[in-house]
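Note that the structure is a prediction, hence the values are computed from the model and not measured.
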Amino acid sequence: MDAFTLGITRRRRLVIAIFLICTVVCAVLFLGVGVNYDLTDYLPEDAESTVALDIMMSEFGSGVPNTRVMAVDLTIAEAQELKAEIAAVPGVEDVMWLDDVADLTTPIELMDEDTVSQYWKDGKALYSVTIEDGREVEATDAIYGLIGEGGAISGNAASTASVQKLVVSEVVGAALVLVPLIIVLLLLTTTSWIAPLLFLVTIGVAVILNMGSNVIFGEISFITQSVSPIMQLAVSLDYAIFLLNSFERHRKEVPDPQEAMRMAIKESFSSIAASAATTVFGFLALIFMRFGIGSDLGLNLVKGVTLSYISVMVFLPALSLSCMKLMDKTHHKRIIPELGRVGRVLVKVRIPALILVILVVVPCFLGQSRADFLYGMGTPDPGVRYGADTELINDTFGESQAIVLLVPRGDPGAEAELADEELAEIDHVTSVMSYAGTVGKIPSGFLSEDIVSQFYSDNYARIIIYTDTGEEGEDAFAVVTAVREAAAARYDESWTCGQSANLMDMRDVVTDDSVTVNFIAIAFIFLTLLVTFRSLTLPFILLFVIESAIWINLSVPYFTDTPLVYLGYLVINTVQLGATIDYAILMTEGYVVNRRTMGKREAVEATLTKNFISVLTSGLILSAAGFCLNFSSSLSVVAALGTLLCRGTLLSMAMVLLALPALLMIFDPLPARLTLKSGFLKKTD
């Protein structure tokens, strides 16, 4: 350790140079990191919808219709011409319209009204388009050029294109709000005007190193791109604050700044490592999700926290010593002084606070798993064009989803019966397109040359089912289930895909994941607490405090009848536990130390007084990060995670400051007996 600290303090210019070079390199590498905007790509390979899509791409060379395009002020002839123009757009694999299911030489008035209304209403044409993965922005931009301002585009590909355009600007927007908030909070609680900038530079370097090093993964999800930088900044800023606070204390003891910094590094090394470890273990649990987004986000956050720790322990000391003259010139008295009576006040309200927690924790535990969940991207924001277009198309033609069913080719009669007699009778099914049941009835002279290839490959027949449901929900999933059951009754092998099928599979996967992830996260944290405190009781107390805050947080959507994005529900279980358990650890460590020389009441009061500002500052920074994610993001899944993070952090902070003191005092005899070498003062209050 002596050689380590001497190397940092004596060769600080070299340390700074190395970090800055690595930062520049990673900033360049970051430009080469791909971003995946499709959540369904993270489904397990054995999920039915994943297998179905692979088969369809292999057999038919195109995917599921994933876009609805509406054009206005057209004649039938113009609509048919526009279909050909859309089909010629780079990235468009397929376009279906009225002429694929009806003979357009027949007057519109004589056609089946239900069929026509799905594609044509009052001079408005609605096309079902399949856009190639990875070319969503290119294709939708070109289509907008064809349909003009009065037209509209919705569907999964349009959503993906919208996300691609927004995600980077929204991360920047969140940072532009969060950074000033952090600076203000740090200025109020530090003693140097320049210190907050040193903190932000240190963690900023770690964030760039983390995002650039993602090049080793090839690509990351858009959720990781949106959430990870803000989360890393907020979670690991405490490490920098702790180190410089220790440095400030040691400068009062020794005149040499380099010696004071070496003492601060030695003092902080293990304590910051312990704090980082609990956070890392919380994030590490996400890696065990079968749904790949967990591994994607978990690996990134684990790597980010580790790089933040290295940056704080190596780069920040070198940077601080290089800026010593500036730090001394900008020194000021603490704006918010230590609050000498805060511990006494909080101890007085501990019993009412604990009673309130006991009253709400059971219903909240039961309610937190019973909310109405959304498994996809959530409701589109009408404030962006994609959301407005979706509303416009739904208002004009109604909601519609495409489900693709693949069955073995070879029995046109069975295929026609399945399509016309069984699938068409399922609730919420508006139309069924199959060659045997629908398309083949059109006189061959009116079929385009490649129409057969859209419905038959060498081995499979493709049936496209249109529904009037949304992407997900009870009705949408019931249709998928009914389609799969009807196919299974006739065929030994059948495969179903489409956005509703994808989200249903996603629901099944992530629901199973939740039990595994929560168990692993709690087990990791419990073992960390067990090693940290060497106590059989304190880990249970600390976990109860933070888990209670999590249950209250996640029950709010249930009691307010607000749908909750399930991915946010799943992630916040581990993120809130891993990120806020540090507050409980800080308070408990202080209590254990003070309890060796004080009675339990005095120990709690002293601990609260000493650590109140630290917990408050850390909690407000993390909750501000959640607020900024919610405030700046038009993506429902990211905004939901931000809301949960903001509210959950405030609840964890309140539980640590109000309920934990009561539990420590009530159960004081148990830690005294069941903690290895506790050394608690035998005289108690």
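Side-chain contact check for Val517 versus Asn573: every heavy-atom pair is 4.5 Å or farther apart. A heavy-atom distance below 4.5 Å is found between the side chains of Val129 and Ile131.
With a 6.0 Å cutoff to the six-membered ring centre and a 45° limit on the axis angle, Arg507 does not count as a cation-pi contact of Phe373. Cation-pi contact between Arg409 and Tyr456: present, with separation from the ring centre below 6.0 Å and deviation from the ring axis of at most 45°.
For the residue pair Ser228 and Asn300, a side-chain donor N or O sits within less than 3.5 Å of a side-chain acceptor on the partner. Side-chain atoms of Tyr386 and Glu391 include no donor-acceptor pair closer than 3.5 Å.
The backbone N or O of Gly292 sits nowhere less than 3.5 Å from a side-chain atom of Asp296 that would complete a donor-acceptor pair. Side-chain N or O atoms of Ser58 include none that pairs as donor or acceptor with a backbone N or O of Asp54 at under 3.5 Å. Of the possible polar contacts, none joining the Tyr119 side chain to the Asp99 backbone as a donor-acceptor pair under 3.5 Å is found. Gln401 contributes no side-chain N or O that, together with a main-chain N or O of Thr467, makes up a donor-acceptor pair within less than 3.5 Å. Distance alone, capped at 3.5 Å, places no donor-acceptor pair between the Ser555 side chain and the Gly367 backbone. Gln118 places a side-chain N or O within donor-acceptor distance of the main-chain N or O of Thr430, the cut-off being under 3.5 Å. Of the possible donor and acceptor atoms, one in the side chain of Gln576 sits under 3.5 Å from a partner among the backbone N and O of Gly648. Counting only distance, with no hydrogens or angles, the side chain of Thr643 and the backbone of Asn630 share no donor-acceptor pair below 3.5 Å. Under a 3.5 Å cut-off, the side chain of Thr560 and the backbone N or O of Val556 do form a donor-acceptor pair. A distance-only check finds a donor-acceptor pair linking the side chain of Glu136 to the backbone of Gly134 [under 3.5 Å].
Across all non-hydrogen atoms, the minimal contact from Phe291 to Val509 is N-CG1, 3.7 Å. Listed here is the closest heavy atom pair of Ala175 and Ile230: N-CD1, 4.1 Å. Residue Thr396 comes nearest to Lys121 through the heavy atom pair O-NZ, 3.1 Å, listed as atom of the first residue, atom of the second, then distance. Of all non-hydrogen atoms in Ala476 and Gly470, the two that sit nearest each other are CB-O, 3.5 Å. Minimum heavy-atom separation, Trp97 to Trp120: CZ2-CE3, 3.8 Å. For the residue pair Tyr566 and Thr511, the shortest heavy atom distance occurs at OH-CA, 3.6 Å.
For Asp492, the CG atom counts as loosely surrounded, since its 6.0 Å shell holds 12 or fewer non-hydrogen atoms of other residues, nucleotides or ligands.
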(message) Could you walk me through whether Tyr466 and Ser128 satisfy the side-chain hydrogen bond (donor to acceptor under 3.5 Å, both in side chains) test, starting with their C-alpha distance in whole Å, then the side-chain angles of each, then the deciding distance to 0.1 Å, before giving a yes or no?
(response) CA-CA 10 Å; Tyr466 289 96; Ser128 181; 3.0 Å; yes
(message) Before you tell me yes or no, could you show the steps for Glu493 and Tyr460 under side-chain hydrogen bond (donor to acceptor under 3.5 Å, both in side chains), namely the whole-Å CA-CA distance, both residues' side-chain angles and the distance that decides it to 0.1 Å?
(response) CA-CA 10 Å; Glu493 174 193 357; Tyr460 290 92; 2.6 Å; yes
(message) For a salt bridge (Lys or Arg N to Asp or Glu O under 4.0 Å) check, start with the C-alpha distance between Arg490 and Glu417, then their side-chain angles and the critical distance, and finish with the verdict.
(response) CA-CA 10 Å; Arg490 285 185 174 270; Glu417 288 180 8; 3.0 Å; yes
(request) I would like to know whether Arg647 and Leu644 meet side chain to side chain contact (heavy atoms under 4.5 Å, CB included); could you show each step before the answer? (result) CA-CA 5 Å; Arg647 184 172 62 224; Leu644 291 170; 3.4 Å; yes
(request) Given side-chain hydrogen bond (donor to acceptor under 3.5 Å, both in side chains), test Thr130 with Asn66 step by step and report yes or no. (result) CA-CA 5 Å; Thr130 305; Asn66 53 16; 5.2 Å; no
(request) For side chain to side chain contact (heavy atoms under 4.5 Å, CB included), just list the numbers for Ile463 and Met433, CA-CA rounded to whole Å, side-chain angles, deciding distance to a tenth of an Å, and then say yes or no. (result) CA-CA 6 Å; Ile463 302 172; Met433 291 181 62; over 6 Å; no
Acceptor/donor pairs from residues 148-163 side chains to any protein atom, 3.5 angstrom cut, sequence neighbours excluded:
unit_1: Asn156; atom_1: OD1; unit_2: Gln499; atom_2: NE2; d: 3.4
unit_1: Thr160; atom_1: OG1; unit_2: Asn156; atom_2: O; d: 3.0

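For Arg484, the side-chain hydrogen bond (donor to acceptor under 3.5 Å, both in side chains) partners are Glu48, Asp505, not counting sequence neighbours.
A salt bridge between Asp46 and Arg290 is present, with a side-chain N of the basic residue lying under 4.0 Å from a carboxylate O of the acidic one.
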